[in-house]
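Here the structure comes first, spelled out in structure tokens, and everything after it is commentary.
Atoms within a ligand are numbered from 1 in the order they appear, just like the ligands themselves.
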Amino acid sequence: MIIILKKDADKRQVENLKRWLVERHITPHVSEGENTTLIGCVGDVAKIDMGLVQALSAVESVQRIQEPYKAANRKFHPEDSVIDCSGAKIGGGEFQVIAGPCSVESSEQMIGIAKAVKAAGATLLRGGAFKPRTSPYAFQGLGKKGLEILLEAKRETGLPIVTELMAIEHLPLFNDVDVIQIGARNMQNFDLLKEVGAQTKKPILLKRGMSATLQELLMSAEYIMASGNPNVMLCERGIRTFETATRNTIDLTVIPVLKRLSHLPVVIDPSHATGYAHLVEPLAMGATAMGADALIIEVHNNPPCALCDGVQSQTPEMFAETMQKIRAIRPHAWKRG
Ligand code: PEP
Ligand code: MN
């Protein structure tokens, strides 16, 4: 249920209303926009008499909402959320490109790629230290050592870093990480979601599970937000379908759909969505045109020898070309009206 307050509602009336809601075991979330102030009501609102609320002098109108997500819901928070990733802002018209290898492999590899993507215009650096691999025999990432290398690349380039957290016990190692990625395979690891909500306020890049609906993605964001961390970004990386021509299947309509449902920024990953380096540029261009708030692109200095996801990794040269095209498209990108 959402309560829309009158423009001239006085503070005392609003406080009384909040207390009245709390007495009925409803948690009120006040959202003050430029033109409207809303109270989002979380709890069992079925027992609330809407007529009683509507009759209060401070209240303009009352709406029941159907969606089970509240904190992530655009209706509760009409303005776009802007997520500050150590100075690189994402959302609300601010656009960034995150780039780097799938996995951190060595200091030379990481620093070389970091410098190349920065020169091409990337504003955040990615690299996996803890890797969720389908096979237990595949490269599992360098772990703690990988994080140290990423931090070295951050010191060298000044780029904020994005890296995946797989287990909450590793969180103390992530103190200097700027953005925590929750991978597709962990999108519904609810205990992990609750803990990254409760234990940190760092921005979370939440990737869509490969068989998750958009509502399920939003519910996972809700877990993080309801636990105390509002800094969530939604990342579409394609889902599994019957199509085999690409690694996953992506429907770019998710950008306007998610933006209508939620105020959270939408990030597109054209690398995992397609699985092939030659498809990354067209998809990155399309996603930019459709209003993505950020892109996350895998770049490797020597893709044939990459320890993970070489087939879908752009070379630094390809990435530089893609960046030029993205820059040209960006001023014409679709915006929510
Ligand atoms: C990755 O970013 O390298 C990754 C493993 O992504 P996803 O969780 O989307 O598969
Ligand atoms: Mn990858």
Backbone or side chain, does Cys102 get an N/O/S atom under 2.8 Å to the Mn ion (ligand 2)?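 Checking Cys102: at least one N, O or S atom is under 2.8 Å.
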Atom nearest to the Mn ion (ligand 2) - Glu298, N, O or S atoms considered: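 Sorting the N, O and S atoms of Glu298 by distance to the Mn ion (ligand 2) puts OE2 first.
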Under a 4.5 Å cut-off applied to non-hydrogen side-chain atoms, are Cys85 and Ile90 in contact?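 A side-chain contact under 4.5 Å exists here.
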With the side chain counted from C-beta on, respond yes when Lys131 and Cys102 share a heavy-atom pair under 4.5 Å apart, and no when they do not.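 They are in side-chain contact.
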Table of N or O contacts for ligand 1, cutoff 3.5 Å:
residue	atom	partner	partner atom	Å
ligand 1	2 (O)	Arg126	NH1	2.8
ligand 1	2 (O)	Arg126	NH2	3.3
ligand 1	2 (O)	Gln181	NE2	3.0
ligand 1	2 (O)	Lys207	NZ	3.0
ligand 1	3 (O)	Arg126	NH2	3.0
ligand 1	3 (O)	Lys131	NZ	2.9
ligand 1	3 (O)	His272	NE2	3.2
ligand 1	3 (O)	Glu298	OE2	3.3
ligand 1	6 (O)	Lys207	NZ	2.9
ligand 1	8 (O)	Ala184	N	2.7
ligand 1	9 (O)	Lys207	NZ	2.9
ligand 1	9 (O)	Arg237	NE	2.7
ligand 1	10 (O)	Arg185	NH1	2.8
ligand 1	10 (O)	Arg237	NH2	2.9

Between Ile3 and Val53, does the side-chain contact (heavy atoms from CB on, under 4.5 Å) criterion hold? Intermediate values first, please. CA-CA 8 Å; Ile3 303 169; Val53 180; 3.7 Å; yes
May I ask you to say whether Glu281 pairs ionically with Lys325, meaning some side-chain N is under 4.0 Å from a carboxylate O?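 Salt bridge between Glu281 and Lys325, a charged N being under 4.0 Å from a carboxylate O: yes.
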Can you give me the NE2-the Mn ion (ligand 2)-OD2 angle for His272 and Asp309, to 10°?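 His272 NE2 and Asp309 OD2 form an angle of 90° at the Mn ion (ligand 2).
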Using a cut-off of 6.0 Å, state whether more than 12 heavy atoms not belonging to Glu32 lie near its atom CD.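 No.
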For the pair Lys202 and Val179, evaluate side-chain contact (heavy atoms from CB on, under 4.5 Å) and give the outcome as yes or no after the intermediate values. CA-CA 6 Å; Lys202 282 185 194 289; Val179 178; over 6 Å; no
Under 6.0 Å between ring centres, would you say that holds for Phe76 and His29?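 No - the distance between ring centres of Phe76 and His29 does not fall below the 6.0 Å cut-off.
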